[in-house]
Amino acid sequence: MKKYDMAHINGDNGCFISRINDLNKIMTLHGTSLFSAGVKQNYTKKSVIKWGLIHPNLFFSYLMERYSVRHCNTVITVSASLLDTLKKLYSKNDITAINIGINTGYFRPGNKIQIRHELNMENKVIYALWVGMSP
(Lines give C-alpha, C1' and ligand atoms only; values in the text may rest on other atoms or scores of the structure.)
Protein backbone atom coordinates (compact mmCIF):
# COMPACT_ATOMS: atom_id res chain seq x y z
CA MET A 1 0.00 0.00 0.00
CA LYS A 2 2.97 2.36 0.34
CA LYS A 3 3.09 2.91 -3.43
CA TYR A 4 -0.33 4.64 -3.41
CA ASP A 5 -0.97 8.19 -2.23
CA MET A 6 -4.65 7.65 -1.59
CA ALA A 7 -7.61 5.36 -2.12
CA HIS A 8 -11.02 6.42 -3.37
CA ILE A 9 -13.98 4.73 -1.67
CA ASN A 10 -17.54 4.86 -2.93
CA GLY A 11 -20.11 3.66 -0.39
CA ASP A 12 -19.97 0.46 1.61
CA ASN A 13 -17.43 -1.23 -0.68
CA GLY A 14 -14.61 0.68 1.00
CA CYS A 15 -15.17 -0.70 4.47
CA PHE A 16 -11.99 -2.77 4.58
CA ILE A 17 -9.87 -0.20 2.73
CA SER A 18 -10.83 2.34 5.37
CA ARG A 19 -9.02 0.19 7.97
CA ILE A 20 -5.60 0.85 6.36
CA ASN A 21 -3.99 3.37 8.66
CA ASP A 22 -1.10 4.70 6.54
CA LEU A 23 -3.20 5.58 3.51
CA ASN A 24 -5.26 8.71 2.85
CA LYS A 25 -8.82 7.75 2.05
CA ILE A 26 -11.33 9.85 0.11
CA MET A 27 -14.94 8.73 0.03
CA THR A 28 -17.62 9.95 -2.38
CA LEU A 29 -21.28 9.52 -1.49
CA HIS A 30 -24.03 10.14 -4.05
CA GLY A 31 -26.59 9.04 -1.48
CA THR A 32 -26.70 6.53 1.33
CA SER A 33 -27.61 2.87 1.32
CA LEU A 34 -30.00 3.56 4.19
CA PHE A 35 -32.25 5.91 2.22
CA SER A 36 -31.88 4.24 -1.17
CA ALA A 37 -33.11 1.03 0.47
CA GLY A 38 -36.33 2.54 1.78
CA VAL A 39 -35.75 4.35 5.09
CA LYS A 40 -37.45 7.74 5.10
CA GLN A 41 -35.31 10.83 5.66
CA ASN A 42 -37.27 11.70 8.82
CA TYR A 43 -36.15 8.41 10.35
CA THR A 44 -35.94 7.51 14.03
CA LYS A 45 -33.60 4.97 15.63
CA LYS A 46 -36.62 2.72 16.17
CA SER A 47 -37.57 2.84 12.48
CA VAL A 48 -33.98 2.07 11.43
CA ILE A 49 -33.85 -0.95 13.75
CA LYS A 50 -37.22 -2.18 12.45
CA TRP A 51 -36.03 -1.70 8.87
CA GLY A 52 -32.78 -3.53 9.72
CA LEU A 53 -34.66 -6.55 11.03
CA ILE A 54 -36.70 -6.75 7.82
CA HIS A 55 -33.68 -6.15 5.51
CA PRO A 56 -30.59 -7.52 7.31
CA ASN A 57 -28.38 -7.52 4.20
CA LEU A 58 -29.13 -3.85 3.46
CA PHE A 59 -28.67 -2.95 7.11
CA PHE A 60 -25.24 -4.60 7.03
CA SER A 61 -24.42 -2.55 3.93
CA TYR A 62 -25.43 0.61 5.82
CA LEU A 63 -23.22 -0.36 8.78
CA MET A 64 -20.24 -0.86 6.47
CA GLU A 65 -20.92 2.47 4.81
CA ARG A 66 -21.12 4.18 8.21
CA TYR A 67 -17.84 2.60 9.27
CA SER A 68 -16.17 3.80 6.07
CA VAL A 69 -17.46 7.36 6.54
CA ARG A 70 -16.08 7.51 10.07
CA HIS A 71 -12.66 6.23 9.06
CA CYS A 72 -12.03 8.22 5.88
CA ASN A 73 -9.84 11.29 5.80
CA THR A 74 -12.15 13.13 3.43
CA VAL A 75 -15.84 12.57 2.64
CA ILE A 76 -17.36 14.30 -0.38
CA THR A 77 -20.98 14.41 -1.46
CA VAL A 78 -22.69 15.80 -4.54
CA SER A 79 -25.19 18.36 -3.22
CA ALA A 80 -25.85 20.73 -0.33
CA SER A 81 -29.08 18.97 0.62
CA LEU A 82 -27.35 15.59 0.76
CA LEU A 83 -24.55 17.20 2.76
CA ASP A 84 -26.98 18.19 5.52
CA THR A 85 -28.57 14.73 5.52
CA LEU A 86 -25.23 12.93 5.76
CA LYS A 87 -23.94 15.21 8.52
CA LYS A 88 -27.02 14.36 10.56
CA LEU A 89 -26.98 10.68 9.70
CA TYR A 90 -23.29 10.10 10.41
CA SER A 91 -22.68 12.80 13.06
CA LYS A 92 -19.70 13.97 11.03
CA ASN A 93 -19.29 17.68 10.36
CA ASP A 94 -16.31 17.58 8.02
CA ILE A 95 -18.16 16.38 4.93
CA THR A 96 -17.71 18.53 1.82
CA ALA A 97 -20.20 19.09 -0.99
CA ILE A 98 -18.90 19.38 -4.53
CA ASN A 99 -21.92 19.99 -6.68
CA ILE A 100 -22.07 18.04 -9.88
CA GLY A 101 -23.20 20.49 -12.49
CA ILE A 102 -23.02 21.62 -16.04
CA ASN A 103 -21.51 24.87 -17.23
CA THR A 104 -24.70 26.32 -18.69
CA GLY A 105 -22.70 29.16 -20.23
CA TYR A 106 -21.22 26.60 -22.61
CA PHE A 107 -23.70 23.71 -22.57
CA ARG A 108 -27.12 25.25 -23.02
CA PRO A 109 -30.32 24.05 -24.57
CA GLY A 110 -30.63 24.78 -28.25
CA ASN A 111 -33.57 24.67 -30.58
CA LYS A 112 -34.90 21.18 -29.78
CA ILE A 113 -36.91 20.80 -32.99
CA GLN A 114 -33.97 21.85 -35.18
CA ILE A 115 -31.52 19.57 -33.34
CA ARG A 116 -33.88 16.59 -33.55
CA HIS A 117 -34.27 17.20 -37.28
CA GLU A 118 -30.48 17.42 -37.80
CA LEU A 119 -29.95 14.17 -35.85
CA ASN A 120 -32.91 12.35 -37.50
CA MET A 121 -34.65 11.96 -34.13
CA GLU A 122 -38.41 11.67 -33.81
CA ASN A 123 -40.19 14.64 -32.22
CA LYS A 124 -42.67 12.56 -30.21
CA VAL A 125 -40.04 10.33 -28.56
CA ILE A 126 -38.43 11.22 -25.22
CA TYR A 127 -34.65 10.89 -25.29
CA ALA A 128 -32.34 10.95 -22.29
CA LEU A 129 -28.59 11.06 -21.87
CA TRP A 130 -27.11 9.10 -18.98
CA VAL A 131 -23.52 9.93 -18.04
CA GLY A 132 -22.07 7.64 -15.44
CA MET A 133 -22.28 4.06 -14.29
CA SER A 134 -25.39 1.91 -14.13
CA PRO A 135 -28.09 3.77 -12.14
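Atoms considered below: every heavy atom in the structure, side chains included; atoms not considered: hydrogens, waters and symmetry mates.
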Any residue meeting side chain to side chain donor-acceptor pair (under 3.5 Å) with Ser79, in chain and number order, not counting sequence neighbours:
Ser81
Output for pair (Cys72 SG, Tyr90 OH), nearest 0.5 Å, gives 11.0 Å
Residues which pass salt bridge (charged side-chain N to carboxylate O under 4.0 Å, His left out) with Lys92, listed by chain and number, not counting sequence neighbours
Asp94
Residues two or more places apart in sequence or in another chain: which of them pass side chain to side chain contact (heavy atoms under 4.5 Å, CB included) with Gln114?
Asn111, Glu118
Set of residues satisfying side chain to side chain contact (heavy atoms under 4.5 Å, CB included) with respect to Asn73, sequence neighbours excluded
Asn24, Lys25
Hey, what do you get for CG (Leu29) to OG1 (Thr77), rounding to the nearest 0.5 Å?
6.0 Å
Kindly give the heavy-atom pair with the smallest separation between Leu23 and Ala7, and that separation in Å.
CD2-CB, 3.7 Å
Non-hydrogen side-chain atoms of Ile26 and Ile76 separated by less than 4.5 Å
yes
Apply the side chain to side chain contact (heavy atoms under 4.5 Å, CB included) test between Val75 and each candidate in Val69, Thr28, Leu86; give the one that qualifies.
Val69
So, do Leu89 and Tyr62 sit near enough that their side-chain heavy atoms are less than 4.5 Å apart?
yes
Mind checking what makes side chain to side chain donor-acceptor pair (under 3.5 Å) contact with Glu122, not counting sequence neighbours?
none
For His117, enumerate each residue passing the side chain to side chain contact (heavy atoms under 4.5 Å, CB included) test, keeping only those at least two apart in sequence or located in another chain.
none
Where at least one partner belongs to residues 69-88, residue pairs that pass ring pair (Phe, Tyr, Trp, His ring centres under 6.0 Å), sequence neighbours excluded:
Tyr67-His71
How would you list, by chain and number, every residue that makes a side chain to side chain contact (heavy atoms under 4.5 Å, CB included) with Lys87, sequence neighbours excluded?
Leu83, Asn93, Ile95
Answer yes or no: are there more than 12 heavy-atom neighbours, outside Ile113 itself, under 6.0 Å from its atom CD1?
no
Using a 4.5 Å cut-off between side-chain heavy atoms of Ile, Leu, Val, Met, Phe, Trp and Tyr, which other residues end up in the same hydrophobic cluster as Val125?
Ile115, Leu119, Met121, Tyr127
